[in-house]
Number of protein chains: 2
Amino acid sequence: MNLQSVAVSQSPEDKFREYLTTGNKPQRFTGQQRDMVRFIFSHHDHFDAEALISEMQAANLKISRATAYRTLNKLVDAGLLRRLELGPRTFYEHDYGYPQHDHLQCTKCGKVIEFQNPSIEEAIRQASLANGFQSEGHSFVVRGVCKECNIALMPKRQLDLI
Amino acid sequence: MNLQSVAVSQSPEDKFREYLTTGNKPQRFTGQQRDMVRFIFSHHDHFDAEALISEMQAANLKISRATAYRTLNKLVDAGLLRRLELGPRTFYEHDYGYPQHDHLQCTKCGKVIEFQNPSIEEAIRQASLANGFQSEGHSFVVRGVCKECNIALMPKRQLDLI
DNA sequence: CCCCCAATGATTATGATAATCAATTCCTTG
DNA sequence: CAAGGAATTGATTATCATAATCATTGGGGG
Ligand SMILES: [Mn+2]
Ligand SMILES: [Mn+2]
Ligand SMILES: [Zn+2]
Ligand SMILES: [Zn+2]
């Protein structure tokens, strides 16, 4: 189940357009970029570049690998997406309009579970204060085995006890 | 400053030898592996494969890239080293004989600062309990700007106020 | 309606790590 | 102590994700 979204004043599409067109160097907001933003923000999930490309092509949306990688980087710079360190490849998820949270990742099936805990922000505050550190963001992933995989891995006689 | 080490009954070298020779498939504990373990555990540090190779070669220790990568993986499996997610490449640090802790990483100079906070373990316990999740380990890195880089980046007039 | 400049995308490059495999080393056994 | 055999080594090659290249396309301001 997804977390509750955060109220925002602009649509992701408008925010990205603003990011691109505001500033010293003019950047264009193209049809492919618009398709990417709309597709990505049509549902919340954790995805990598390859998955995005195949899903968009399956949805009959034209996108090349180069443009996908380039636009993902721009979306991160614009504050729309957040990068996730979930293994060797880079994953992405919504940042704009989605609350701060962290992740449990199952090492058996790969599933990613979201959770929130205010004491994490507090721990960051304390450690930063103690070290004169100016915190800008964090990555927190707990690895382990999810409920379903735990049940599947249990010997039969242990299941009987439940 | 490093954290206080944890008392252990075996030297890293002995523990690795035991890991290699115990079990169904016999694995040899070679001179190069012994050199690597001794070198790595002669000082606490956060390093990647390339840095290890150059430092060992600078210390006149023979090591090939292939053997370095292979042995690093074995050291992680043996519980001697822990992998760190500090960006695109893989970093390593002592696990055996070193206490649980997490990291602040400076995005300006790359410096890595260690800190401990028991509320992080508690947050993991709570999130795991709430999701039926069996936790096995975690990665927690706070990105930001360290004290020295903060001072260096400050405009002169702000420095004057200190 | 042009023209310029940014975007696109096929292709090539990069860089870290893993696989290959012939040569070497080193335990085991007789 | 010699020989056999299995595991390790290391030069080389492969892989895989992502980043650059650069010729072509196209869109928006004048
Ligand atoms: Mn998430
Ligand atoms: Mn550390
Ligand atoms: Zn699972
Ligand atoms: Zn710094």
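Letters go in sequence order (proteins before strands), and every chain restarts at 1.
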Residue whose closest nucleotide on DNA chain D lies nearer the 5' end, A:Asp48 versus B:Ser64: B:Ser64
With a 4.0 Å cut-off on N to O distance, would you call B:Asp77 and B:Lys74 a salt bridge? no
Rounding to a whole Å, what distance do you find between A:Gln32:CD and D:dT24:P? 19 Å
By nearest-nucleotide position on DNA chain C, the 5'-leaning member of B:Arg65 and B:Phe29 is B:Arg65
Gap between atoms CG and C1', on B:Asp35 and D:dT9 respectively (whole Å): 14 Å
A:Ile53 CD1 - D:dA17 P separation (whole Å): 11 Å
Which part of the nucleic acid, if any, lies within reach of A:Arg70 when heavy atoms closer than 4.0 Å are counted: base, sugar-phosphate only, or nothing? base
Using a cut-off of less than 4.0 Å, is there contact between a side-chain N or O of A:Thr30 and OP1 or OP2 of C:dT8? yes
Gap between atoms CG and C1', on A:Leu20 and D:dG28 respectively (whole Å): 15 Å
Could you check how far NZ of B:Lys74 sits from P of D:dA7, rounded to whole Å? 11 Å
Closest nucleotide among C:dT17, D:dT18, D:dT9 to the A:Arg89 side chain: D:dT18
Proximity to the side chain of A:Gln33 - top-ranked nucleotide from D:dT9, C:dA16, C:dT8: C:dT8
Within 6.0 angstrom of A:Arg34 CZ, more than 12 heavy atoms from elsewhere: yes
Just to be sure I understand the rule, does B:Pro88 reach a base, reach only the sugar-phosphate, or reach nothing, if contact means heavy atoms closer than 4.0 Å? nothing
Spacing between B:Arg17 atom CZ and C:dC26 atom P, to the nearest angstrom: 14 Å
So, is A:Thr90 close to the D:dT18 phosphate, meaning a side-chain N or O under 4.0 Å from OP1 or OP2? yes
Answer yes when B:Lys111 and B:Glu148 have at least one side-chain N-carboxylate O distance shorter than 4.0 Å, and no when they do not. yes
Between A:Lys15 and A:Glu18, is the salt bridge (charged side-chain N to carboxylate O under 4.0 Å, His left out) condition met? List the steps. CA-CA 5 Å; A:Lys15 185 170 164 67; A:Glu18 183 181 285; 5.9 Å; no
What I want to check is whether the side chains of A:Gln100 and A:Glu121 have a donor and an acceptor closer together than 3.5 Å. no
Atom-to-atom span, CZ of B:Phe47 to P of C:dT17 - whole angstrom: 12 Å
The side chain of B:Ala49 lies closest to which of these nucleotides: D:dA11, C:dT17, D:dA17? C:dT17
Looking across every strand, which nucleic acid part, if any, lies under 4.0 Å from B:Gln27 by heavy atom: base, sugar-phosphate, or nothing? sugar-phosphate
So B:Glu50, base contact, sugar-phosphate only, or nothing? Heavy-atom distance under 4.0 Å. nothing
Round to the nearest Å and state the distance from B:Asn73 atom CG to C:dA16 atom P. 16 Å
Among the nucleotides C:dA19, D:dA20, C:dT8, whichever has the atom closest to the side chain of B:Ala66 is C:dA19
It should be established whether B:Tyr69 places a side-chain nitrogen or oxygen under 4.0 Å from OP1 or OP2 of nucleotide C:dA18. no
When only distance counts, do a donor and an acceptor, one from the side chain of A:Arg28 and one from the base of C:dC5, lie under 3.5 Å apart? yes
Side chains of A:Glu85 and A:Val141 in contact at under 4.5 Å (non-hydrogen atoms): no
